[in-house]
Amino acid sequence: MTIKIILVGGGGREDALGRLIIQSGSSLVTVMANQNPSLAAISSRVIKIDENNPLSVIPDILNEKPDLVYIGPDGILDTDLADKLTANGVRVASPTRKAFQIESSKAYMRSLMKRYSIPGQVPFYLLDDAYDVETVLDTPGKEFAIKPVGLTGGKGVKVMGDQLPDKKSALTYARSILRKDKKVLLEEKIIGHEFSLQAFTDGIRIIPMPIAQDYKRAYEGDLGPNTGGMGSISDANHSLPFLSEQASSTALKIMKKVMESMEGEGNIFKGVLYGQFMQSRNNIYMIEMNGRFADPEGMNVLSIFKGDISDVLYGIADGNLSSVKDVRFLEKATVLKYIVPKGYGENPLPGKLKIDLAGLPEDISVYYSSVNGSLDEFEMTSSRALAILARGRTIEEASEMVETNLYRVHGEYHVRHDIGSSSLMKKKMYM
Ligand code: GLY
């Protein structure tokens, strides 16, 4: 399909999506706050967005007369941009603000699952009183994940026995959220393997993508502070070696039920849905639901996408995904490692990076994230900078391929070498 698409967002997921849009024959205009060199190179125009006032880009977007708009970042999905563009007759392949509540309000998501008896529910307490928090934390034999109700960028969740060593620190953290938000969510801690399932949906039909896994902790061995995600893996069979055969189909059933419930309530969700699940010893739990591609896992799946992405986005926006016949993914394992500023997750020290792209092997992709500059020389911000992704026969092979290409990156940075390594994969198998 050859159409004009406006892509909102200047990160790595948009870089991967933008390249597929160009491959499908469509033209691309990008709306971003930074100057992502890769997106700038493939866009016919870049429109600057003020992230504190995203609605101010509406006249520019309307002037471009796009056939379709796709909005990537969660912060912008949690505004009226999609609704206002739709009201102006623009085709939008992203959720309305109300439908995006599935991510922006964990209270909405948990209450929807409860009302419709959707399987995979984690026992939870939505509390507005510190005394009640203390009572719940006193439950014998239980530990909890403590979360703000709204968007956290993956960084607001703290788990007892992990980032919260004891009940006292859990209570202190819950109190700090209460002071800020007046509400706090306590979810029972589930132990197991976390995995991400992403899917395209027009609100009724849902097309799953391969399963992936995100590595959130800043340091090797899954230690250190939580980050937005330091890297991610996916396997050639589109599952993961440590997951059960039913993990993917069970997770998909849960996502379908969420879609059906939203549709039943007249709050139809169109766009990309991303469920974070946990496989425990005897169940699959839904930890979080998000209304966008996962970062970084979105790049794993988009890097092996075969088909016409413009067709898919059009099908989502028009509520006609069933007419899209060609959605395939290569049967290759992928490993992505993010290059981030030193100190990322605590006290990031942005600086300049250079990358040597000459002779880049076909199975290596370099996606640009929160950077400003040119393709081979750019400034990092305090966030993730560059994703190096490899496609291989196995996860371990892809991890090694990333390692052998890291010599290309010059400057002061941090990367987790262990993601996808055979030692980490072995450890996961015996967890
Ligand atoms: N993979 C974490 C996130 O996208 O929120």
Side-chain angles (χ1 to χ4, degrees), residues 8-17 70-78 94-95 100-106 108-109 122 145 147-159 162-163 185 187 190 192-201 208-218 222 224-235 240 243 251 255 258 269 271-279 285-303 334-340 344-345 367 369-370 383-387 389 416 419-420 428:
V8 181
R13 292 164 296 179
E14 289 80 26
D15 187 6
L17 191 63
Y70 176 84
I71 305 168
D74 47 357
I76 302 183
L77 289 164
D78 193 27
S94 303
F100 186 67
Q101 280 183 100
I102 197 67
E103 171 166 356
S104 65
S105 167
K106 292 184 186 73
Y108 171 79
M109 181 269 281
V122 178
K147 306 182 173 186
V149 174
L151 295 179
T152 63
K155 294 165 217 142
V157 177
K158 292 197 180 180
V159 182
D162 251 331
Q163 300 89 353
L185 191 65
E187 292 179 357
I190 311 284
H193 290 292
E194 201 168 337
F195 64 96
S196 307
L197 178 61
Q198 301 164 86
F200 300 110
T201 179
M209 301 183 229
I211 282 184
Q213 188 178 50
D214 175 19
Y215 289 76
K216 292 198 176 68
R217 306 295 281 266
D222 286 327
N226 261 352
T227 69
M230 289 296 299
S232 43
I233 61 171
S234 68
D235 207 355
L240 289 167
L243 294 183
M255 279 169 58
V258 169
F269 182 100
V272 173
L273 194 65
Y274 145 42
Q276 258 175 280
F277 294 90
M278 187 76 91
Q279 174 184 281
Y285 290 97
M286 214 209 58
I287 303 297
E288 272 177 30
M289 196 66 101
N290 302 288
R292 55 179 169 84
F293 279 109
D295 191 0
E297 308 95 296
M299 285 172 271
N300 294 76
V301 297
L302 289 172
S303 78
T334 64
V335 171
L336 180 154
K337 302 187 191 188
Y338 251 132
I339 305 286
V340 301
Y344 174 62
Y367 297 117
S369 189
S370 297
S383 192
R384 294 168 288 182
L386 200 63
L389 180 143
R416 264 190 68 175
I419 295 170
K428 295 234 162 234

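Below, all heavy atoms of this structure are taken into account, side chains as well, without hydrogens, waters or symmetry copies. We count ligands from 1, going down the list as the structure has it; atoms in each ligand are counted the same way.
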Answer with yes or no whether [X] contacts ligand 1, where contact means a heavy atom under 4.0 Å from a ligand atom.
X: Asn290; value: no
X: Gln276; value: no
X: Tyr274; value: yes

Taking only heavy atoms of [X] into account, list the atoms of ligand 1 that are under 4.0 Å away from them.
X: Arg292; answer: 3 (C), 4 (O), 5 (O)
X: Glu297; answer: 1 (N)
X: Asp214; answer: 1 (N), 2 (C)

Report task. Name all residues meeting the side-chain hydrogen bond (donor to acceptor under 3.5 Å, both in side chains) criterion together with Gln276; count only those two or more places apart in sequence or in a different chain, and write none if there are none. Result ->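 If we apply the side-chain hydrogen bond (donor to acceptor under 3.5 Å, both in side chains) test to Gln276, skipping adjacent residues, the hits are Glu194, Tyr274.
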Query raised in the report: Going by heavy atoms in the side chains, are Met299 and Tyr338 under 4.5 Å from each other?
Result: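 A side-chain contact exists here, since the closest heavy-atom pair is under 4.5 Å.
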Query - Salt bridge present between Asp162 and Lys216 (N-O < 4.0 angstrom) - result: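 No, this pair does not count.
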Query raised in the report: Taking NZ, NE, NH1 and NH2 as the nitrogens, is one of them in Lys106 or Glu187 under 4.0 Å from a carboxylate oxygen of the other?
Result: no
Query - For Tyr344, all residues meeting ring pair (Phe, Tyr, Trp, His ring centres under 6.0 Å), sequence neighbours excluded - result: none
Query - N/O separation below 3.5 Å, Asp295 to ligand 1 - result: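 Looking only at distances, the answer is yes, because the N/O contact criterion of under 3.5 Å is met.
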Report summary line: Heavy atoms of Tyr215 and Asp222 approach each other most closely as CD2-OD1, 3.6 Å
